[in-house]
Structure formats: structure tokens, C-alpha cells
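This report concerns only the one structure given below.
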Amino acid sequence: MLALNNNLMFSKRTGWQLTQNRFTEAQQEVRAAGTHIFDLTVSNPTRCGLHYDAAAILAAFQDAAALSYDPDPKGLLTAREAVAGYYREAHHLADADPESIILTTSTSEAYSFVFRLLCDSGDEVLVPKPSYPLFDFLADIQDLKLVPYSLLYAHGWLLDFDSLSRAVTPRTRAILLVHPNNPTGSFLRPEERAMLGGFCREKNLALIADEVFLDYAHNGAKRPTFASHREALTFTLSGLSKISGLPQMKAAWLVISGPEEQRKQALARLEIISDTYLSMNAPVQLAMPVLLEQRRTVQPQLLERIRKNLDELGGQLARQKSCERLDLEGGWCAVLRVPATRSDEDLAIALLRERAVLVHPGHFYDFPSEGHLVISLIAPPSEFREGMQRALEFLN
């Protein structure tokens with residue numbers, strides 16, 4: 001009997017390393033021992049001790065209209081109007097148009113729609129480095145290539161336009177930015193925004209702006225959204241996961257802006273892509289106005305949590321000399337620069353096994369050098385305080 005070759009039935013795009021890495025194995029070992037882990041990586045707001053208006057959220061799913069099926073490729077108009085209203089109120093975008101909005105179940109799905117719209121197999125999208133690691137898997141699934149451009153740190157983060165320019169090839173289709181970046185917490189400066197718009201226009205590139213953390217500027221000052229960007233064809237992504245702290249509701253969107261003819265073409269094609277899937281369920285769409293309203297109570301709690309943990313972190317860092325926090329302006333993470341005595345992964349594993357503190361190694365976010373750890377700022381304050389004390393004692 002011939003041996004079965006299991007690899008024959010699977011695509012090359014899913015040829016990922018499927019065995020657990022050392023970091024995951026270490027977590028399982030420590031948890032299996034019954035040790036309490038001080039988790040400084042937590043990003044799920046529903047597990048951070050926040051108060052939610054449970055009655056209002058659950059009541060929003062009692063709409064009898066959910067019993068009938070009346071699909072709209074872009075998403076139900078009432079839900080898109082709620083999203084447009086959010087942009088008008090929260091970001092002073094007076095001309096926010098529900099007809100320029102397409103609803104998706106997640107920003108990951110929104111990315112897949114845009115990638116399919118813009119790219120043929122093997123085409124390229126430029127992505128920031130460091131940044132969130134999800135993009136690698138999305139690119140593999142969509143058969144496109146990611147090409148990094150650099151963010152430089154010099155008492156604040158800067159977009160390296162030289163590296164951006166060098167990264168462009170005839171196969172480049174779009175520039176992706178995360179605003180504010182995750183995990184650096186850096187916003188694009190006004191002059192960088194203007195230069196980027198001109199660059200995209202000159203090179204005939206689209207702009208993909210991930211703004212899931214836009215509402216979390218630490219100084220409380222509103223930052224301009226790319227949903228108003230007109231200089232180049234622009235796709236702005238966001239959703240309830242961060243805006244209202246409701247990742248389980250699986251509701252996100254795309255806002256399409258830019259030169260009018262390109263914008264119309266993009267919308268028409270995206271409508272067909274969206275119509276092919278019709279993935280977003282009616283109950284969540286009908287509940288969108290109420291779910292977006294939850295931001296009014298959730299965001300103040302998260303911002304207060306972030307500020308409290310930043311104050312605690314600043315006080316602890318002031319009492320030692322080996323580690324420092326890099327400047328940040330927004331988002332839910334902080335980056336620590338630590339002694340590069342070993343790889344970041346080895347350091348994170350040692351910290352977990354010896355002090356029961358869980359942090360992310362810098363390479364997880366594609367930092368170009370060792371000596372970086374990433375921590376969450378939304379952990380419960382008591383957990384954050386004890387976890388940081390243990391971490392800094394170990395690192396020093």
C-alpha cells in the first residue's frame with residue numbers, strides 16, 4: 001500500500017509552522033503548574049474589569065426586524081448611518097456619508113476585501129515596521145507580498161520616507177499605516193500626512209489606514225481621521241472592538257474616500273465583493289446604533305485605566321536605571337527598552353518562568369533589534385502594579 005502524502009491536498013499559502021513556539025509552550029507549562037500569571041499582554045477589554053451597560057446592550061438585540069432577511073451588500077442603512085454619525089460627532093467629519101461606508105464582520109475581513117480589490121497574486125503592499133503581526137497571515141491568505149518600511153525612533157516615532165521610497169516597485173499597490181501605530185502608540189504628524197498623500201498620488205498608490213485605536217489619544221486631543229483624506233484613494237478601517245470595547249460583537253467597517261472617480265470605482269467593486277459574502281449578521285447591524293453609543297461609557301474607563309497604569313509605570317521606572325519607556329501618544333500598549341543581554345524571546349520566557357509575568361517580546365511586533373518588550377496598559381491596576389514590580393526587579 002502506498003503511503004499517504006498529506007501535503008498534496010493543501011495549498012502553499014497555508015504552509016505555516018503549525019507546531020507551538022517556545023513562548024507558547026512556556027505559557028502552557030506555567031499555567032499547568034497552577035501558578036498565577038501576571039498578564040501584561042491582555043488586550044481583551046471584556047476581561048479587564050470594565051463596567052458595561054449590560055441591559056442596554058442585550059436589549060438592542062430584541063428588535064423584531066432581525067426575524068426577516070433583507071440584505072444590503074454595503075450593510076443595513078441604519079447601521080451605516082450610525083457609523084457616519086459617529087464620524088460626524090466624534091471626529092467632526094461633517095460630510096460623512098453612509099453610502100461611502102461598507103460594513104464587515106471585522107477589520108481582518110475589511111483588509112481581505114481591500115487586498116482583493118487592489119491586488120493580483122504576487123502584488124505588494126507596504127507595511128510599517130514595527131507593527132502588528134496579523135498582516136503576515138492576511139497577506140499569505142490573499143496571495144500578496146508585504147514589503148516593510150521603517151518607523152524610526154528619535155525621542156518620538158517618525159515615518160522614514162527614504163525607506164518608503166526604496167520599498168516601492170512596479171508591483172506596489174498600496175501603503176498600509178496604523179494610526180496610531182500598534183504597539184508604538186505613534187500618530188502620523190500633519191506634515192507626514194501631507195507628504196504621504198502627495199507620495200501616494202505621485203506613485204498612483206492607494207492608502208489603507210487602520211484607525212481602530214484613533215479614539216485613544218492619551219492627552220485627550222482628537223486626531224484627524226483618514227476618513228476625510230482626499231489626496232489619494234483611501235480605505236479607512238475601524239470597528240466596535242476598540243471604539244466600544246466590544247470585540248465579541250464582530251462589527252467593523254470600511255470608509256472609502258479620495259478622488260471622486262477612483263472612489264466610485266472602488267465602491268462599485270467592493271459592493272460586489274461584499275455582496276458575494278454577505279457576512280455580517282442582521283441582529284448586530286440592527287444593534288449598531290446602541291453598540292456605538294457604548295463608547296461614551298467604555299472609552300472614559302479605558303482612558304482612565306491607561307493613564308493610571310502609565311503613572312504607575314513612570315513611578316516604577318524612575319526608581320531604576322536599566323529600563324525606559326519609549327514615547328507614545330495613544331493606543332493600549334507601551335514599549336519598554338530593556339538591556340539586550342539575550343534575545344527578547346529568551347528574556348520574555350525567563351520572565352514568565354522565574355517571575356510569572358507575561359509580556360510580549362519585541363520581535364512579535366517586528367522590532368528590528370533586540371532589547372524591546374511590549375506591555376498592555378489596560379490590565380487591571382493591581383495586576384499591572386505587581387507585574388511591573390516583578391518584571392523590573394528581574395530586569396535590573
Side-chain angles (χ1 to χ4, degrees), residues 11 13 71-76 79-80 83-84 87 96-128 131-132 134-147 149 164 167-179 196-197 199-212 225-239 250-280 285:
S11 68
R13 74 175 65 88
D72 186 317
K74 291 182 179 179
L76 295 180
R80 288 185 283 119
V83 174
Y87 280 102
D97 180 6
E99 295 305 320
S100 295
I101 296 168
I102 291 181
L103 303 182
T104 64
T105 55
S106 64
T107 53
S108 295
E109 184 178 62
Y111 275 117
S112 71
F113 283 10
V114 176
F115 290 162
R116 280 303 189 191
L117 171 71
L118 297 175
C119 300
D120 291 318
S121 179
D123 282 344
E124 299 170 356
V125 173
L126 309 188
V127 295
S131 196
Y132 193 61
L134 173 69
F135 303 134
D136 291 330
F137 293 98
L138 291 173
D140 288 343
I141 293 169
Q142 302 300 328
D143 297 327
L144 58 89
K145 179 181 178 182
L146 298 183
V147 178
Y149 65 90
L164 187 68
V168 174
T169 75
R171 300 213 66 173
T172 306
R173 296 293 175 263
I175 298 172
L176 191 157
L177 63 91
V178 185
H179 183 245
L196 188 60
F199 186 86
C200 288
R201 189 171 58 251
E202 175 191 347
K203 303 291 185 181
N204 195 30
L205 301 175
L207 186 62
I208 306 169
D210 185 328
E211 293 189 338
V212 296
T225 172
F226 274 88
S228 63
H229 198 247
R230 301 287 185 266
E231 288 79 3
L233 180 61
T234 302
F235 303 91
T236 303
L237 289 66
S238 193
K250 309 309 295 179
W253 55 81
L254 277 166
V255 184
I256 298 88
S257 60
E260 187 60 18
E261 186 55 37
Q262 288 185 335
R263 190 186 69 83
K264 287 181 178 179
Q265 282 280 337
L267 274 167
R269 294 167 186 242
L270 279 168
E271 190 167 345
I272 293 174
I273 293 174
S274 183
D275 192 33
T276 302
Y277 290 93
L278 287 175
S279 56
M280 196 173 183
Q285 293 187 68

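Numbering starts at 1 and runs along the sequence shown.
Taken to the nearest 0.5 Å, the CG atom of Leu267 stands 10.0 Å off from the OG atom of Ser257. Between the CD1 atom in Ile208 and the CZ atom in Arg173 there is a gap of 12.5 Å [rounded to 0.5 Å]. Going from atom CZ of Phe115 over to atom CG of Leu146 covers 6.5 Å, rounded to the nearest 0.5 Å.
Counting only distance, with no hydrogens or angles, the side chain of Ser274 and the backbone of Glu271 share no donor-acceptor pair below 3.5 Å. A side-chain donor-acceptor contact under 3.5 Å links Gln285 to the backbone of Leu76. Remark: the backbone N or O of Gly75 is paired with a side-chain donor or acceptor of Arg80 at under 3.5 angstrom. In this structure, Tyr149 contributes its side chain and Leu176 its backbone to a donor-acceptor pair below 3.5 Å. A donor-acceptor pair under 3.5 Å is absent between the side-chain atoms of Thr236 and the main chain of Ala209, judged by distance alone. Between the side chain of Glu211 and the backbone N or O of Phe226 there is at least one donor-acceptor pair closer than 3.5 Å.
The nearest pair of heavy atoms linking Ser106 to Ala252 is C-CB, 3.4 Å.
For Asn204, the side-chain hydrogen bond (donor to acceptor under 3.5 Å, both in side chains) test picks out no residue, with sequence neighbours left out. For Glu109, the side-chain hydrogen bond (donor to acceptor under 3.5 Å, both in side chains) test picks out Thr105, Ser279, with sequence neighbours left out.
Under the 4.0 Å criterion applied to side-chain N and carboxylate O atoms, Asp123 and Arg171 are assigned as salt-bridge partners. Lys264 has no carboxylate O lying under 4.0 Å from a charged side-chain N of Glu261, or vice versa, which leaves the two without a salt bridge.
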